[in-house]
Amino acid sequence: PAKPKASLPLAGRHILVTAGPTHEPIDPVRYIANRSSGKQGFAIAGALAMLGGRVTLVSGPVDLITPAGVDRIDIETAREMATAVDNALPADAAVMVAAVADWRTEAAAETKIKKAEDQTAPTLTLTENPDILATLARSDKRPRLLVGFAAETNDVLAHAETKRARKGADWIIANDVSGDVMGGDRNRVHIVTGNGVESWDDQPKDVVAMRIAERIAAALKED
Ligand code: CTP
Ligand code: CA
């Protein structure tokens, strides 16, 4: 028989997860995106729900099935993700796995951009998107435990530690995406906290997810 929900370690907790890429429109038919598949974030949301948590998953455009027991909110742009995150608060913990587009076009064209007769290419003027994690860290609705991810191709640990401090996250989970991690089914992560760094072996993304969920449950048990 299934375990009664109340006895599970995350019973009564609300946890917010962001996942996937964001799409930033250039015109009605084109957008800026990145290679995030959403797999690691969806696996974390599913693992948190399995441990009894109430999970809100704010997801960018991905081709994935919603994990059992997870409330999913679909968005496209970084600004929509920021609004959805704000609307989902309060939460006991937030795990920001999304690969939020750093830039959007200053103004998306309302009609399809056409090729010019003289073959000059259009110039896209970009502007920075809001930093959802950093904003949450500084807000008066900051979850008790705030976890960020960092996808890096070089100097992984140094960049992760800098990010943890700059963004005001409790933990940064760093992964080296110089290989085929993005879109793949395995991940090698480093857990960077105020107590130092713990490096995990390369493992399936759902195993990484359950270990992270268990660690979150343990952290929320303290104090
Ligand atoms: N993040 C966010 N909002 C953004 C950008 C990033 O919430 N606009 C979050 C991500 O979900 C992740 C963490 O911040 O949890 C780190 O994202 P990352 O892209 O590695 O950091 P950046 O500050 O954007 O730095 P970089 O120049 O390395 O991309
Ligand atoms: Ca970024």
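Since the structure is predicted, the reported quantities are computational estimates derived from the model, not experimental observations. Quick note: residue numbers are just sequence positions, from 1.
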Between Arg144 and Arg13, is a side-chain contact (heavy atoms from CB on, under 4.5 Å) present by the stated rule, with each step listed?
-> CA-CA 11 Å; Arg144 191 143 65 83; Arg13 306 291 193 190; 3.7 Å; yes
Asn187 and Trp200: side-chain contact (heavy atoms from CB on, under 4.5 Å), yes or no, with the steps?
-> CA-CA 9 Å; Asn187 203 359; Trp200 293 354; over 6 Å; no
Taking it one step at a time, do Leu157 and Glu152 satisfy side-chain contact (heavy atoms from CB on, under 4.5 Å)?
-> CA-CA 9 Å; Leu157 293 181; Glu152 310 286 354; over 6 Å; no
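The hydrophobic clustering, which links ILVMFWY residues whose side-chain heavy atoms are closer than 4.5 Å, places Leu146 and Ile44 apart. Ile212 and Leu10 fall within a single hydrophobic cluster, where Ile, Leu, Val, Met, Phe, Trp and Tyr side chains are chained together by heavy-atom contacts under 4.5 Å. One hydrophobic cluster, built from ILVMFWY side chains closer than 4.5 Å, cannot hold both Met96 and Leu145; they sit in different ones. Met210 and Val147 end up in the same hydrophobic cluster when Ile, Leu, Val, Met, Phe, Trp and Tyr side chains are linked at under 4.5 Å. In the hydrophobic clustering of this structure, Leu57 groups with Leu51; members are Ile, Leu, Val, Met, Phe, Trp, Tyr whose side-chain heavy atoms approach within less than 4.5 Å, directly or through other members.
Between Tyr31 and Thr77, every side-chain heavy-atom pair lies at or beyond the 4.5 Å cut-off. Counting heavy atoms from C-beta on, the side chains of Val208 and Asn175 never come closer than 4.5 Å. The side-chain heavy atoms of Pro21 and Val62, taken from C-beta on, include a pair separated by under 4.5 Å. No side-chain heavy atom of Glu24 sits under 4.5 Å from any side-chain heavy atom of Thr105. Here the side chains of Val97 and Phe42 are not in contact, with every heavy-atom distance at 4.5 Å or above. Leu136 is listed as a side-chain neighbour of Leu89, based on a closest heavy-atom distance under 4.5 Å. Contact check for His14 versus Pro90: no side-chain heavy atoms found under the 4.5 Å cut-off. Within the 4.5 Å cutoff, the side chain of Asp74 has heavy atoms near those of the Ser59 side chain.
Interatomic distance, Lys167 NZ to Asp170 CG, rounded to the nearest 0.5 Å: 14.0 Å. Atom CD1 of Ile173 is separated from atom CZ of Arg211 by 11.0 Å, given to the nearest 0.5 angstrom. Rounded to the nearest 0.5 angstrom, Leu48 CG and Ile216 CD1 are separated by 5.0 Å. The line from NZ of Lys115 to NZ of Lys112 is 8.5 Å long, rounded to the nearest 0.5 Å. Rounding to the nearest 0.5 Å places CZ of Arg79 at 11.5 Å from CD1 of Ile132. Annotation: the span from Asp102 atom CG to Asn129 atom CG amounts to 7.5 Å, rounded to 0.5 Å.
Partner of Phe149 under the side-chain contact (heavy atoms from CB on, under 4.5 Å) criterion, out of Val95, Thr18, Ile172: Val95 alone.
Scanning all heavy atoms of the two residues, the minimum distance from Ala49 to Val70 falls at CB-CG2, 3.9 Å. In this structure, Glu128 and Trp103 approach most closely via the heavy-atom pair CA-CD1, 3.9 Å. When every heavy atom of Arg142 is checked against every heavy atom of Gly168, the shortest pair comes out as NH2-O, 2.8 Å. The two atoms that bring Glu106 and Thr127 nearest to each other are CA-CG2, 3.9 Å, heavy atoms only. Minimum interatomic distance between Ala84 and Val58 (heavy atoms only, all atoms of both residues): CB-CG1, 3.7 Å. Residues Ala88 and Leu16 come closest through the heavy atom pair CB-CD1, 3.7 Å.
For Lys39 (side chain) and Leu64 (main-chain N/O), no donor-acceptor pair under 3.5 Å exists by modelled atom type. In this structure, Thr22 contributes its side chain and Ala101 its backbone to a donor-acceptor pair below 3.5 Å. For the pair Asn34 (side chain) and Ala99 (backbone), a donor-acceptor distance under 3.5 Å is present. Formation of a donor-acceptor pair under 3.5 Å by the Arg104 side chain with backbone atoms of Ala78 is not found in this model.
More than 12 heavy atoms of other residues, nucleotides or ligands shown are found within 6.0 angstrom of CZ on Arg166. Atom CZ of Arg30 sits in a crowded spot, with more than 12 heavy atoms from other residues, nucleotides or ligands closer than 6.0 Å. Atom CG of Asp63 has 12 or fewer heavy atoms from other residues, nucleotides or ligands within 6.0 Å.
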